[in-house]
Amino acid sequence: MSEINSKLISQTPGELIARMEILQRKLSQLNVQLGGLMTERRTMENKIADAQTRIQKILNKLPQTTDTRQLDLLDNGTVETSLDE
């Protein structure tokens, strides 16, 4: 750390300004990239929420466990096949 500080102290004001400008450009690029990542994240969150809504709609259309009509049909099917043997 002291090595870095000694290099900064020996630099002229013009060199320090040039270095700060480089750091500002890098920071600006990082901010642009961060904005893109945040937009992508929001898009993915929206897609996930939409998928969850679609899945819930499908689940709501399925028969409830108290509805035994489907089970009765399955039971009749197994009885008929066992009678055919």
**Message:** Show, in sequence, the C-alpha distance, side-chain angles and deciding distance for R42 and T39, and conclude whether the side-chain contact (heavy atoms from CB on, under 4.5 Å) test is met.
**Reply:** CA-CA 5 Å; R42 281 191 299 271; T39 301; 3.4 Å; yes

**Request:** May I have all residue pairs that pass side chain to side chain donor-acceptor pair (under 3.5 Å) and include part of residues 22-37, sequence neighbours excluded?
**Result:** none

**Prompt:** Which distance, rounded to the nearest 0.5 Å, do you find between the CD1 of I48 and the OG1 of T53?
**Reply:** 12.0 Å

**Prompt:** Out of curiosity, I22 CD1 to I17 CD1, how far, rounded to the nearest 0.5 Å?
**Reply:** 12.5 Å

**Fill in**
Those residues at least two apart in sequence (or on a different chain) that pass side chain to side chain contact (heavy atoms under 4.5 Å, CB included) with R41 are E45

**Request:** Would you give the length of the straight line joining atom CD1 of I55 to atom CG of D50, rounded to the nearest 0.5 angstrom?
**Result:** 11.0 Å

